[in-house]
Amino acid sequence: MQFMLLFSRQGKLRLQKWYVPLSDKEKKKITRELVQTVLARKPKMCSFLEWRDLKVVYKRYASLYFCCAIEEQDNELITLEIIHRYVELLDKYFGSVCELDIIFNFEKAYFILDEFLLGGEAQETSKKTVLKAIEQADLLQEVRPHVVTLHYE
Amino acid sequence: MALKIVKGSIDRMFDKNLQDLVRGIRNHKEDEAKYISTCIDEIKQELKQDNIAVKANAVCKLTYLQMLGYDVSWAAFNIVEVMSSSKFTYKRIGYLAASQCFHESTDVIMLTTNQIRKDLSSPNQYDTGVALTGLSCFVTPDLARDLANDIMTLMSHTKPYIRKKAVLIMYKVFLKYPESLRPAFPRLKEKLEDPDPGVQSAAVNVICELARRNPKNYLSLAPLFFKLMTSSTNNWVLIKIIKLFGALTPLEPRLGKKLIEPLTNLIHSTSAMSLLYECVNTVIAGHDVNGSPFLPPFSLALFLFLRFQLCVQKLRILIEDSDQNLKYLGLLAMSKILKTHPKSVQSHKDLILQCLDDKDESIRLRALDLLYGMVSKKNLMEIVKKLMLHVDKAEGTTYRDELLTKIIDICSQSNYQYITNFEWYISILVELTRLEGTRHGHLIASQMLDVAIRVKAIRVFAVAQMATLLDNAHLMTGNVQRKGICEVLYAAAWICGEFSEHLENPMQTLEAMLRPKVATLPGHIQAVYVQNAAKLFATLLKNQEGNTDRTAAQETSQLMIDRLPLFVQSANLEVQERASCILQLVKYIQKLQQKDVEVAEEVIALFAGELNPVAPKAQKKVPVPEGLDLDAWINEPPSESESEDEQPKAIFAKEEPKHSRARHTEVDEKELAKRREARKQEQANNPFYIKASPSSQKVYQEAPGVEHIPVVQIDLSVPLKVPGLPMSDQYVKLEEERRQKERVEKKKKEKKKRKEKRGGRGKKHDSGPESEEDITPAHMVDIVTEEMPEDKKSSKHKKKKQKREKEEKEKKKKKKHHHHHHHSDGGGEESVQNGTVEEEEPLPVSVCHQSFTEIDIQGNLQDGSQVVVSVIFENKCDNFLKTMEFNVLDSLNSKLQRPEGSGPHDGLSVPFQLPPETRSSGTLRLSVFVIVFPQNEDSSTHEKLDFKLHFTCSSYLITTPCYSDAFAKLLESGDLKCSSVRLEGVNMPFHHLLARICFHHHFSVVERIDSCASMYSRSIQGHHVCLLVKTSGQTVSIDAKCDEPTLLGNVLDEIKQTFSQC
């Protein structure tokens, strides 16, 4: 996998993870282009598109788009599976996750992703193991940061 | 000091944490940038403090801002500070910030090496974990080199959590520092059998990725992976392993054989679509690797094929699935198959056409891609019809434009290979011009021009269509949105002007071209309008002067003079220039007209001559003139130091050997002559060569024969052939048969040639694409003669009898023809022979006693101007005939084909000797230029024997089968001239009569109903001849149709002759 992006229906970036070294300028350009392309697609369309020399796999969960770029030989269906697995992990961790959870605890979302994928490859296919590792690491933190409760303006 | 700490923690309470920042940004939607800049200022202050908690909080906020697109590179050092905190809470944030913000050019990365090493060896596995995770994002070659050993050690860590991460990150290390691969590989391989499934899967991942880059080195691992594949139940691992095998099998086909069983099992058993898809994809990809040096044995090949079929079946299931994703992937995989096994895909045409109706555009586009490869001559019209329906329905312009380009792509691919009816194609193009707001007007226009120029037979139709377009031009120009489409008018105007002789109502078209509204068109189109109005004007003048209708001609001039000033005022220079030039010309013409001077011929001469298309590579065929060195510098090269100069130099250097080879090859005279001859022939067959004088062949191409497929032979792989009739399918079949035959013969010949002069003409062969060899151009001089349509084994007796009949028949006919020629003014060339023919009544049979010649004349389908004459020589005397020479005097219309280097009057020496009482046959070839008249060839062999060759029109006919529907269409087409003949007193059964016509005049029966039959034949130059034979009692009536009335008349005469003798 080359990178993963999470963005909202309004096109606001919520999370980005790059597994290939690119300059900030390039990252911004790619993000802008891809967000536009994906948002322009109609809801009933399939989850795959060819973009530059990459394949883009995306899926929308509620108001959030999860979008991965993979290489020519990679398997689209397993990438969809990865996205789904990640959403399940977020869901388990936050308890019925919503977009705001990810906005306000964005570092947590990264930590979970990093336990699940490493260098663009799935490192752990067992949800339990991933969650256990996160919990253990959280325990080590001095101040357990309160997971922000969601009563917002 | 204590105070400071207290102050710090109090400050901290008032600091914004990440949540506050996010909330703040959400509350300042209007002035977000301003708010963030104050936040950044705060963060800068926080970073200046010694308190690590404050710093970590600041860094965390920066990471968020970085995601929003703000530059935080200035804080890189602070990030390193936070990374090196001893507390996991902060370290975690530091590494996260680093992995998000650092890239290879971040210079502070150098400072992190020791810190990372320390963290890697930390007793806390989570410290090590975050370090590894962070490193995977920002590893540089330096870091990889320095830390490779540490990470390698971690691969054998006691905790699987660490082992797993270490294995995965080794892949990144290998990429940055390849030298580490060799020492690390044994350990990596070990991990394939790690007790922890996570570590195992990580190792599979890494090796699979490595093998994709360089499969050769991983062949030795195949048995290990094979074991894993059969034992693992983890789909993620299985997918990777299958991918790995996909990379390995091309190198080791035996592996493929071993894989058949487990793969087939997986395909049958798995419920995971991702795994199924991977298996199917691998099988497909592996299926075309069969070209490897080890060909599988037959049983295996069959098995592979069955497995392949299974995959195609599975793909069909995917495409039929309601899940859009599976549908899409199924189509994607199909397009991979299409490249290697188009047949397998074509059988699913129904399904793919269905996908065109899908609501998902990306699926429709995939299906379109597939269609491109699926079309054949048979289904093209059907597919395009379907696409046209979609064009009408499509709502988005992008998709519609995509459809439009696809339609044109599909139709025009490989030189219109699949188009059998160009009238249909022109209509499609015209329909496409009615699209709203397309951007592809120029594309349609170029297709129209291309077809009209290259397909001569279609011009009449194209011109009519274009005239309608011009007439309705207001539909295209009215709307601003339709700007793109008015490009079509460019083509329409040009076609109407250039081929104006085909216009039905030129006056109307001229008026349409000179409407004031035209001035709103883009300049380049107006320019074409003006120029072509002039061409039209010339044609009109010619028509009107021909009618001796002076006033009409003057009115036309007046129209031009009235309308052109509008264009003279154009802001576009090109339009202005052309218009004022032409206006002046017309004024002058008007002056002459008033003096009753006929000017049409002169005006038309302005636009005389035909424009021929030029092949894109034509320039390459022009030899470099003697003494011209393309590599030599014209001026001194500029200084070498400039780097830009080196690029072009390299290009020239590459080409050099080619040039020198061409120039310096030593060749003897003979070889040179041979090449020259070859080149001449090539040029003669190449329509892109503008010949010095119009060759005789060309004249025929322009003759109004409807069916003589008057097509420019494109110097590319496939000749473009265009029957302008709906009968096209028939021609296609014939054409294919012809090619098949040619191919076989050519192969034979080629083998011979290669033996004879190995490498002698290598260059010529290299120049063309491979497919060029497959199909020969229709005009070739040396062609192995075809078998006679009649059965060769038919008894000699019969043949003799036939001959005699023929000759007797000739006798009578000759007179008749003389008659004919005296009256006709067109057959002037025949008169040369007239003097002799009348005197030479005696026929060869009666004149000569010592040898008997039997003459059989047949046309050669492969070359419309060649006739092959088989002569049987029989020695009837007691003497041994040692040498014989054979000669036919050339006439204007026919020419004996002599070997190279012989004079125009030399005879051909017969290549055999004749002992007494033996017979032998020889052939001679004659080039005949006009076939619609019968001809007489007389010859005098000095001492021995005079003979005469009578070429009846029937001998130019070739028995050609024809289907009744094609026949009916041909008759309906209305391009054929009608003629009929009645035969009285024919006393033979109807089927004998038919057989006789078939036999003597080379017809074939299309259909027979009772005492009525339709018959068909075709001349060597492609004229159709259709007969309707009816009989009642002793009267036979023959109604005949042919596109060449003279030919038809003569054929009917000959038929009459045949029956008048019985």
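Numbered from 1 within each chain, the chains take letters A, B, ... in sequence-line order.
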Margin query: Please evaluate residues A/E76 and B/N325 with respect to the criterion side chain to side chain contact (heavy atoms under 4.5 Å, CB included), reporting the C-alpha separation (whole Å), side-chain torsions for both, the decisive distance (0.1 Å), and the verdict.
Written below: CA-CA 9 Å; A/E76 291 95 336; B/N325 291 338; over 6 Å; no
Note to self: Go through it in stages, so that I can follow the logic: the residues are B/K243 and A/N75, the test is side chain to side chain contact (heavy atoms under 4.5 Å, CB included), and I'd like the CA-CA distance, side-chain angles, deciding distance and then a yes or no.
What the structure shows: CA-CA 9 Å; B/K243 222 179 258 300; A/N75 188 318; 4.2 Å; yes
Item checked: Verdict with reasoning, B/Q100 to A/Y110, per side chain to side chain donor-acceptor pair (under 3.5 Å) -> CA-CA 10 Å; B/Q100 293 300 102; A/Y110 276 118; 2.8 Å; yes
Notebook entry, point to check: Given B/R92 and A/F111, is the side chain to side chain contact (heavy atoms under 4.5 Å, CB included) satisfied, shown in steps?
Noted result: CA-CA 9 Å; B/R92 206 181 188 187; A/F111 294 150; 3.4 Å; yes
Next item on the list: Take A/N105 and B/Q19 through the side chain to side chain contact (heavy atoms under 4.5 Å, CB included) test and state the conclusion after the steps.
Entry: CA-CA 8 Å; A/N105 303 286; B/Q19 278 80 30; 3.8 Å; yes
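B/L96 touches chain A through its side chain: at least one heavy atom from C-beta onward sits under 4.5 Å away, while N, CA, C and O do not. Residue B/Q125 does not touch chain A at all, counting heavy-atom pairs closer than 4.5 Å. In this structure, no portion of B/L21 lies under 4.5 Å from any heavy atom of chain A. With a 4.5 angstrom heavy-atom cutoff, B/S105 does not touch chain A via any of its atoms. Neither the backbone nor the side chain of B/D323 comes within contact range of chain A; no heavy atom of the residue lies under 4.5 Å from a heavy atom of that chain. Of the atoms belonging to A/K44, heavy atoms from both backbone and side chain fall under 4.5 Å from chain B. Heavy atoms closer than 4.5 Å to chain B are found in both the backbone and the side chain of A/S47. Contacts of A/R85 with chain B are made by side-chain atoms alone, with heavy-atom separations under 4.5 Å and no backbone atom involved. Heavy atoms closer than 4.5 Å to chain B are found nowhere in A/L117, neither backbone nor side chain. Interface residue B/N234: only side-chain heavy atoms are found under 4.5 Å from chain A. Of the two parts of B/I239, only the side chain, counted from C-beta on, holds a non-hydrogen atom closer than 4.5 Å to a non-hydrogen atom of chain A.
For the pair A/E115 and B/K165, the salt-bridge criterion is met [side-chain N within less than 4.0 Å of a carboxylate O]. Taking the charged nitrogens against the carboxylate oxygens, B/D71 and A/K25 have no contact shorter than 4.0 Å, which rules out a salt bridge. Salt bridge status for A/D74 with B/R212: present, with a side-chain N to carboxylate O gap under 4.0 Å.
When all heavy atoms of A/A122 and B/N205 are compared, the closest pair comes out as O-ND2, 3.2 Å. Looking at every heavy atom in both residues, A/L77 comes nearest to B/S274 through CB-CB, 3.4 Å. Here the closest non-hydrogen pair linking A/E121 and B/L168 is CB-CD2, 3.8 Å. Taking both residues in full, the closest heavy atoms of A/L118 and B/S136 are given as CD2-CB, 3.8 Å, listed atom of the first, atom of the second, then distance. Contact between B/Y161 and A/A133 at its shortest, heavy atoms only, is CE1-CB, 3.7 Å. Closest approach of A/Q123 to B/K164, counting heavy atoms only: O-CD, 3.1 Å.
Open room surrounds NZ on A/K92; 12 or fewer heavy atoms of other groups in view lie less than 6.0 Å from it.
Within the 4.5 Å cutoff, the side chain of A/E81 has no heavy atoms near those of the B/N235 side chain. Counting heavy atoms from C-beta outward, B/T63 and A/E107 have side chains that stay 4.5 Å or more apart.
Interface remark: of the candidates B/F138, B/Y95, B/Y328, B/F102, B/Y328 forms the most heavy-atom pairs closer than 4.5 Å to chain A. Note: B/R366 leads B/R366, B/K91, B/K327 in heavy-atom pairs under 4.5 Å with chain A. Here A/I82 is the residue among A/V20, A/L80, A/I82 with the most heavy-atom pairs under 4.5 Å with chain B. Contacts with chain B were tallied for A/Q73, A/E124, A/Q136; A/Q73 has the most, counting heavy-atom pairs under 4.5 Å.
At least one donor-acceptor pair closer than 3.5 Å links the side chain of B/K172 to the backbone N or O of A/Y19.
Atom OH of B/Y126 sits about 9.0 Å away from atom CD1 of A/I134, to the nearest 0.5 Å. The CE atom of B/M67 sits 6.5 Å away from atom CG of A/L15, with the distance rounded to the nearest 0.5 Å. Here CG of B/L365 is found 11.5 Å from CG of A/L49. Values are rounded to the nearest 0.5 Å.
Close approach to chain B, defined as a heavy atom under 4.5 Å from one of its heavy atoms, is seen in A/E50 of residues 50-69 of chain A, taken by number.
Taking the six-membered ring where tryptophan is involved, the planes of A/F106 and B/Y64 are perpendicular, since the angle between them exceeds 60° and thus also 30°.
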